[in-house]
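Take a look at the structure set out below.
Below, chain A is the first sequence line, B the second, and so on; all start at residue 1. The figures here come from the full heavy-atom set of this structure, side chains too, leaving out hydrogens, waters and symmetry mates.
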Protein chains: 2
Amino acid sequence: MLDELDDSTTVADSALARLTQVILDGELKPGAKVSEPELARRFGISRAPLREAIRRLEERSVLTRAPRLGARVVVLSPAKVEQIFVVREAVEGMIAREAATRITDSEIAQLRENLARQKARSEEIGFSTFLTRELDSDFHTFIARCSRNEFLIKFLCEDYATLIGLCRKHLRQVPERAYRAFVEHGRIVDALADRDADMAELAMRRHIQASRQMLVASVQEAGGESGRGRRRGSKRV
Amino acid sequence: MLDELDDSTTVADSALARLTQVILDGELKPGAKVSEPELARRFGISRAPLREAIRRLEERSVLTRAPRLGARVVVLSPAKVEQIFVVREAVEGMIAREAATRITDSEIAQLRENLARQKARSEEIGFSTFLTRELDSDFHTFIARCSRNEFLIKFLCEDYATLIGLCRKHLRQVPERAYRAFVEHGRIVDALADRDADMAELAMRRHIQASRQMLVASVQEAGGESGRGRRRGSKRV
DNA sequence: CGGAACTTTTTTGTCGACACTTTTTCAATT
DNA sequence: AATTGAAAAAGTGTCGACAAAAAAGTTCCG
């Protein structure tokens, strides 16, 4: 139903897309074994192209592999998620800086339009976390493309995209945060519109720092419930 | 002679190492086709592990691949090299920042010792560009490890290492630059010793900016000789 | 002599098979 | 009953093979 038009796309490429989706959907949970024969059967392909997809995801730090032991979905401890946010702060800060001097008026208009649409919709139904996630991802990749730097773009939109998607699951978006993120996005667009590279980088870095600090807070609040199956300290319900 | 101890290392891993070396040695020049059968014969292995090595290098932007057309060594135009330096500035700036608060006294002593050794040797034989390159790479990876951030470390020491190695070929190290780089390294270490995160990031970014500007100058000076076989404008012997 | 169409050769993408390792199963022993 | 050990099952890493596509070489025509 999906793999009818094999036009210049290889089995390995579609395997990468499907495997990525399986992991992001949470069907293969963090720490779960990635069995080559099982997935090959499931995707209706042989092991060769599946292995290529696995190697690509390993290179992107989504899978961890030990020789002869196979691949597993990476387990993102809170410490690792924080480290990933640090990398994002560095790369996306530079993305904003580079975009500031290269973005077109038309692109600024598109960003403003999207923000206005988001504002209108949120005044109807409130800041839903689901919608915000989708739009947040679009916002960041859109600005990446404005940097006109293929390596920055590839980093954010390909290499780290899946890993960031996994991180989002750790980040319980509270409505308050969704609203603050919206405000911060506005500041970033303002800096871009001013072609103020310093301010754009700073605004982007503060935005990602704020997300990271929200994560740290939510982890401390939960009291390290990620390790064991049961959570400690909270006994209600 | 080399592949006797197969202890927990796979053929694919050693193929990655060998292929990387072949590219960095310039045996496979930028734009050259990476033929699977030929390299497999040469390495005495089958195509399967070689393909894995190719896919890994493709993921690292060292090889470019088009479906059904095979892989080629990336052609680093001056514009691309500049873009890579921008990525380095972002990532290594953050590396310096994170290292500033985490580096140990022992590690600072090691960095100082290495600088002193380099100074002593350069007073004997001058700032050789060959030696400087080796030491420069060590300097940057050493500080990366001081960041205690596995993703920053992986990025600089694995993902981008080969690409940066390729960039170095574009950067004709003049002795003057080698000396300036040495001075800049000293400033970075001073900032780390002070545990001054802001200054460490700034010093690192300026250091990489200076390298980039040196590259831009040398490209303009050469007048775009990278495209064609002959250089335009300069007609002396 | 140059260029287009056809044929041959090479190469890529994919598959199935096999050896060796790891994991699991299961039975015997303390 | 629990633990240890051997045997069976499953999985990974590697190889050779094949179909389809691309590249190279050849022939024919203008």
Exercise. L192(B) and I108(B): which non-hydrogen atoms are nearest, and at how many Å?
Worked result: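 Minimum heavy-atom contact is O-CD1, 4.0 Å.
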For this session: Please tell me which of P67(A) and A12(A) maps to the more 5' nucleotide of DNA chain C, matching each residue to the nucleotide holding its nearest heavy atom.
Result: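 Nearer the 5' end of the strand: A12(A).
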Does any non-hydrogen side-chain atom of [Y] lie less than 4.5 Å from one of [X]?
| X | Y | value |
| --- | --- | --- |
| V91(A) | Y160(A) | no |
| P49(A) | T10(A) | no |
| F43(A) | V11(A) | no |

Could you give the [atom1]-to-[atom2] distance, from [X] to [N], as a whole number of Å?
| X | N | atom1 | atom2 | value |
| --- | --- | --- | --- | --- |
| L39(A) | dT12(D) | CG | C1' | 14 Å |
| F43(A) | dC15(C) | CZ | C1' | 18 Å |
| R72(B) | dT11(C) | CZ | C1' | 12 Å |

For this session: Just say parallel, tilted or perpendicular for the rings of H140(B) and H185(B), cut-offs at 30° and 60°.
Result: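 Taking H185(B) first and then H140(B), their aromatic rings stand perpendicular (interplane angle over 60°).
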Pairs under 3.5 Å (N/O, protein and nucleotides 8-11 of chain D):
none

For this session: Can you sort out which residues in residues 46-53 of chain B have a heavy atom within less than 4.0 Å of DNA chain D? Ascending by number, please.
Result: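 DNA chain D contact set from residues 46-53 of chain B: S46(B), R47(B), A48(B), P49(B).
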Identify whether the distance between the nearest side-chain nitrogen and carboxylate oxygen of [X] and [Y] falls below 4.0 Å.
| X | Y | answer |
| --- | --- | --- |
| E52(A) | R56(A) | no |
| D25(A) | K169(A) | no |
| R148(B) | E107(B) | yes |

